[in-house]
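Written out below as structure tokens is the structure these notes cover.
Small disclaimer: the values here were computed from a predicted structure and weren't measured. By convention in this document, chain letters (A, B, ...) are assigned in the order of the sequence lines, proteins followed by strands, and residues within each chain are numbered from 1.
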Number of protein chains: 2
Amino acid sequence: MKLSEFELEVINLMWELKESTAPALHQEICKTKNVTYSTVKTIIDRLEKKSAIKRIKNYGRTIVYAPAIEQSSLQKPLIKTFISKVCAGNPRLLLNHLLEDEKLSDDDLAYLQSVLDKRK
Amino acid sequence: MKLSEFELEVINLMWELKESTAPALHQEICKTKNVTYSTVKTIIDRLEKKSAIKRIKNYGRTIVYAPAIEQSSLQKPLIKTFISKVCAGNPRLLLNHLLEDEKLSDDDLAYLQSVLDKRK
DNA sequence: ATTTAATAATGACAAGTGTAGAGATGAGTT
DNA sequence: AACTCATCTCTACACTTGTCATTATTAAAT
């Protein structure tokens, strides 16, 4: 399955919220981008056509959607592709960004350390 | 600047090779994908129009191209976007892939260790 | 029961992308 | 000088993507 950037943005919200509606997602997205309800709904429709999300119930006429695929099932191939395409043979920058800008949990750090120990 | 996936693939080769020609790049890409010379040349033309690569000389009629932008100038924003879009708040999988599948140099590992030490 | 305001469905369009064929052109070969 | 083959240039086309307007529909308010 291949999702566009915008589709990815929407399904990410969906994973975060567990379930949501078109009006709610529109509001959420409007915090960062100025797009109409129509635009967001189109993306939702496309996600549905791709079977990435599904309708689970209704509030009045409002459709409630939920993810139909797992986050990791999308992440894995994307990560592989990204690293090979963007960081081809030179992962240092990525590493750097991860360590400096992302908030790694203590758990993540401990994991990192354990891997490093093994490598020695 | 925004490059498509295919454009990215080609300019990555270019960074690796320092300079190259359409026929050479075509051959290289054919190792993994079955595309015609025309297709590859179109991508090269688009990269040129976007000023991502430039002509530096000729061998006979064959044009030699070289990157016109730095690898890191593209990587940085892409990495930021990617992590926020794909790994939204959950960088563990990415970390994992980096550590397990990518060949990190000793230098990279030492760097990692030094960052970890500082965090303690 | 009517009206209204919100939500959904449909259709559309320009730009970008992957893909390639056809024709021009010229460097090297005979 | 003529020819040929590799390479370049130009054009094209279907598909995806971001974007939205319009129209249909119906729950809720009057």
task = Report the residues that fulfil ring pair (Phe, Tyr, Trp, His ring centres under 6.0 Å) with B/F6, sequence neighbours left out, ordered by chain and then residue number.
result = none
task = Would you please classify the geometry between the A/H26 ring and the A/Y37 ring as parallel, tilted or perpendicular, with 30° and 60° separating the classes?
result = perpendicular
task = Pull out every residue in residues 22-31 of chain B that has a heavy atom closer than 4.0 Å to any atom of DNA chain C, ordered by number, or say none.
result = none
ask   = Pick the nucleotide of DNA chain D nearest each of A/K2 and B/E48; which residue has the one closer to the 5' end?
value = B/E48
ask   = Whole-Å distance between C/dT7 C1' and A/I44 CD1?
value = 11 Å
query = Just to confirm, is there a sub-4.0 Å distance from OP1 or OP2 of D/dA21 to any side-chain nitrogen or oxygen of A/Y37?
reply = no
query = In whole angstrom, what separates B/K50's NZ from C/dA15's P?
reply = 15 Å
query = Checking all strands, does B/D45 fall into the base, sugar-phosphate, or nothing category for heavy-atom contacts under 4.0 angstrom?
reply = nothing
message = Less than 4.5 Å apart, side chain to side chain, heavy atoms only: is that true for B/L74 and B/W15?
response = yes
message = By nearest heavy atom, map B/I63 and A/E5 onto DNA chain D; which one lands nearer the 5' end?
response = B/I63
task = Indicate for each nucleotide in nucleotides 23-30 of chain C, in 5' to 3' sequence, whether protein heavy atoms under 4.0 Å reach the base (B), only the sugar-phosphate (S), or nothing (-).
result = --BSS---
request  = Give the nucleotide from the list D/dT9, C/dG18, D/dG18 with an atom nearest to the side chain of B/I43.
outcome  = C/dG18
request  = Take atom CG of A/L3 and atom P of D/dT17, then tell me their distance rounded to the nearest Å.
outcome  = 8 Å
query = Side-chain contact, heavy-atom cut-off 4.5 Å: A/Q75 with B/L94?
reply = no
inquiry  = Applying side-chain contact (heavy atoms from CB on, under 4.5 Å) to B/Y59 and B/K57, what does each step give before you reach the verdict?
reply    = CA-CA 7 Å; B/Y59 291 142; B/K57 58 186 171 187; 3.6 Å; yes
task = Could you tell me whether the side chain of B/S38 has a donor or acceptor atom within less than 3.5 Å of a complementary atom in the base of C/dG21?
result = yes
key: Atom-pair distance (CG on A/L47; P on D/dT16), nearest Å   = 15 Å
ask   = Does A/D107 have any side chain to side chain contact (heavy atoms under 4.5 Å, CB included) partners at least two apart in sequence or in another chain, and if so, which?
value = A/S105, B/R92
A/N58 CG - D/dA27 P separation (whole Å) = 10 Å
ask   = Counting side-chain heavy atoms from CB outward, which of C/dT17, C/dT19, D/dG18 is closest to B/V35?
value = C/dT19
query = Going from OG on A/S20 to CD1 on A/I63, what distance comes out if it is rounded to the nearest 0.5 angstrom?
reply = 12.0 Å
request  = Remember a base hit wins even if backbone is also touched, and classify B/T39 as base, sugar-phosphate or nothing at under 4.0 Å, heavy atoms.
outcome  = base
request  = Please state whether the phosphate of C/dT7, meaning OP1 or OP2, lies under 4.0 angstrom from any side-chain nitrogen or oxygen of A/K41.
outcome  = no
query = Under a 4.5 Å cut-off applied to non-hydrogen side-chain atoms, are A/I79 and B/L98 in contact?
reply = no
request  = Determine the contact category for B/T42: base if any of its heavy atoms lies under 4.0 Å from a base atom, sugar-phosphate if only primed atoms, P, OP1 or OP2 are that close, otherwise nothing.
outcome  = base
request  = Evaluate the side-chain proximity of B/K50 to B/K2: yes if any heavy-atom separation is below 4.5 Å, no if none is.
outcome  = no
inquiry  = Quick one, A/V64 with A/R55, criterion side-chain contact (heavy atoms from CB on, under 4.5 Å). Give me CA distance, side-chain angles, the key distance, then yes/no.
reply    = CA-CA 6 Å; A/V64 180; A/R55 296 163 185 231; over 6 Å; no
query = salt bridge (Lys or Arg N to Asp or Glu O under 4.0 Å) with A/K49: which residues, sequence neighbours excluded?
reply = none
query = Near DNA chain C, which residues from residues 6-19 of chain A have a heavy atom under 4.0 Å away?
reply = none
ask   = Between A/E48 and A/K54, does at least one N-O distance fall below 4.0 Å, as a salt bridge requires?
value = no
